[in-house]
Protein chains: 2
Amino acid sequence: MAGGGGGGGGCRRVRGPELRELLDSKRDVLFDCDGVIWNGEAAVAGAPEAVRLLKQRGKRVFFVTNNCTRPRGNYAHKFSRLGFSDVSEEDIFSSAYCSAAYLRDVARLSGKVFAIGCQGVLQELRDAGVDVVAEDSAEGPDTSIYDCPLDPDVRAVLVGYDEKFNFMKLAKACCYLRDSECLFLATDPDPWHPLRGGRVTPGSGSLTAALETASSRKATVIGKPSRFMFECIASQFDLDPAQSLMVGDRLETDILFGANCGLCTVLTLTGVSTMEQAQEYKDSEAPEKKDFVPDYVVESIADFSEALEDE
Amino acid sequence: MAGGGGGGGGCRRVRGPELRELLDSKRDVLFDCDGVIWNGEAAVAGAPEAVRLLKQRGKRVFFVTNNCTRPRGNYAHKFSRLGFSDVSEEDIFSSAYCSAAYLRDVARLSGKVFAIGCQGVLQELRDAGVDVVAEDSAEGPDTSIYDCPLDPDVRAVLVGYDEKFNFMKLAKACCYLRDSECLFLATDPDPWHPLRGGRVTPGSGSLTAALETASSRKATVIGKPSRFMFECIASQFDLDPAQSLMVGDRLETDILFGANCGLCTVLTLTGVSTMEQAQEYKDSEAPEKKDFVPDYVVESIADFSEALEDE
């Protein structure tokens with residue numbers, strides 16, 4: 001068995017007693033949220049029950065999301081609202097929370113961060129005690145990139161999903177990054193997100209690509225598939241990769257994250273990626289594609305309940 | 001001699017009689033503008049005289065700029081204002097003009113274009129008779145990407161430099177590009193531009209990178225180093241690559257453009273690239289770097305006047 005005690009990237013459909021055996025063999029379960037636990041404002045059918053049963057059997061359950069739009073407390077409310085009765089703020093690791101933790105604990109930032117991001121990013125930075133450059137309320141629509149004020153104390157630029165992203169923010173970030181000692185972080189690499197009605201919305205990765213091109217630099221990415229979010233959880237809860245299961249819906253993000261961290265991986269088909277895509281990666285000759293292949297595949301995490309209730 | 005009758009990518013400093021001989025051997029001279037003809041609102045010293053002397057000796061002179069911020073007429077005024085007495089609108093090929101020409105003459109667009117760009121882009125599209133999606137004046141600051149109106153007649157997205165770039169424009173463009181038959185064009189690939197005071201501003205290439213990431217598509221780039229701008233001039237003025245000289249200040253844009261089109265190339269040191277960078281490319285073992293090496297190098301295009309007046 002490879003992949004941290006997984007199924008060797010076998011892309012194996014699993015349910016019933018075999019799935020129960022797999023779950024019994026692990027201590028900790030990490031779930032992605034969007035497309036796994038919920039889709040928009042609706043819980044995936046059976047998800048609250050699955051989480052409850054895992055906890056009942058003594059598993060520790062964590063939520064690892066690249067979605068940086070909400071602060072942790074807000075996520076805890078959403079879990080509660082959607083019928084998850086036993087998820088607390090401390091179990092939730094968003095890319096916004098982990099970015100703030102990185103700046104505080106790893107980079108030990110002294111100075112300010114210039115943040116491109118929405119409420120989730122700004123709130124987590126403040127909660128972590130990281131000094132954030134305030135929006136300049138003196139800037140009107142005619143403020144120009146030629147004479148906009150720059151804060152001399154900025155030592156890091158952080159890019160996340162931001163529906164108020166604009167040229168001025170991009171230009172300012174670009175100026176800060178001219179100083180090679182200014183850190184360049186991105187919450188997550190997600191290129192886009194599906195919206196209802198077939199629409200899509202650009203993701204943090206899209207905004208980061210603009211700044212990487214304009215600054216001729218590469219961002220340090222905090223979110224999946226980078227290892228940092230696992231290290232962040234592990235440092236607080238003493239996780240062992242060989243004892244942990246990663247469950248996600250995106251092969252290039254969640255499953256690769258699991259592979260990068262040495263975790264056994266489970267693809268669930270309630271989100272973005274399909275069984276056909278997983279099979280294509282499995283059949284591919286390219287060695288770098290192997291890390292996109294999940295060890296196991298379930299239809300939905302409702303299969304977990306079924307497996308655990310079967311006893 | 002390679003490179004369309006050039007100096008074989010020799011990176012050779014040239015002036016005086018040798019430069020006169022080179023100029024005499026060509027019929028047409030193509031100049032980049034920013035960093036070659038002018039810097040900001042100041043002509044490069046001696047540039048108006050150089051252009052005048054070239055024309056006096058029967059050369060045809062064209063201006064090929066990736067800068068898409070102004071319509072052609074506006075450029076003609078700038079030439080006149082900076083002391084160039086004999087440059088007309090028809091000699092100026094900007095990436096905005098060429099993008100409009102591409103949509104009209106090559107793509108033969110039937111339908112509308114959704115344009116991200118400033119006045120130069122919008123005006124050139126209108127002048128070419130290309131139908132542009134109007135800015136929706138009904139959109140307030142609270143219009144959301146979930147319900148913003150999309151125009152069903154859009155058949156192309158064009159991205160250029162746009163100081164009013166924002167998340168909503170990016171999200172809309174992303175939605176249009178979900179239709180694989182919708183064309184995706186970029187005026188130019190320039191990642192950033194220098195501003196006075198050591199500042200930089202993100203270029204079209206930066207905005208294009210955001211949309212390429214969000215849409216999982218690659219843009220067709222009209223500006224240098226792509227061949228299209230040369231083809232655009234050639235189709236109107238019957239240019240012969242072997243008889244043409246390309247003069248520019250950016251190795252990765254102007255000099256590569258010359259190499260891609262089979263032109264003899266001259267680097268001038270009044271702009272972005274340096275002699276050291278040219279030499280580094282020349283000394284590099286990587287074959288793909290060879291196209292960044294100019295055939296010749298001059299200090300400034302004032303050297304042209306000196307060479308031509310020497311007689």
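Quick note on labels: first sequence line is chain A, next is B, and so on, each numbered from 1. Because only heavy atoms are used, hydrogens play no part in the values below, and waters and symmetry mates are left out as well, while side chains stay in.
- For A:Tyr161, the part lying under 4.5 angstrom from a heavy atom of chain B is the side chain only.
- The contact between A:Leu195 and chain B is made entirely by side chain atoms (from C-beta outward), counting heavy-atom distances below 4.5 Å.
- Across all their heavy atoms, A:Cys148 and B:Arg199 have their closest contact at O-NH2, 2.8 Å.
- Counting heavy atoms of neighbouring residues, nucleotides and ligands inside a 6.0 Å radius, atom CD of B:Glu41 exceeds 12 of them.
- You'll find the side chain of A:Pro191 stays beyond 4.5 Å of the side chain of B:Glu212, heavy atoms only.
- Across all non-hydrogen atoms, the minimal contact from B:Trp192 to A:Ser216 is NE1-OG, 3.5 Å.
- In this structure, A:Ser206 contributes its side chain and B:Ala210 its backbone to a donor-acceptor pair below 3.5 Å.
- Of the listed residues A:Lys169, A:Glu163, A:Arg178, the one with more heavy-atom pairs under 4.5 angstrom with chain B than any other is A:Glu163.
- Of the atoms belonging to A:Asp162, it is backbone heavy atoms, and not side-chain ones, that fall under 4.5 Å from chain B.
- Interface summary for chain B: among A:Pro202, A:Ala209, A:Ser215, the most heavy-atom pairs under 4.5 angstrom belong to A:Pro202.
- Taking a 6.0 Å sphere around NZ of A:Lys78, one finds it holds more than 12 heavy atoms contributed by other residues, nucleotides or ligands.
- Around CD of B:Glu288, the count of heavy atoms belonging to other residues, nucleotides or ligands within 6.0 Å exceeds 12.
- Highest contact tally toward chain A, considering only B:Thr208, B:Leu207, B:Leu150, B:Leu211, is held by B:Leu150 [criterion: heavy-atom pairs under 4.5 Å].
- Going from atom CE of A:Met168 over to atom OG1 of B:Thr201 covers 9.5 Å, rounded to the nearest 0.5 Å.
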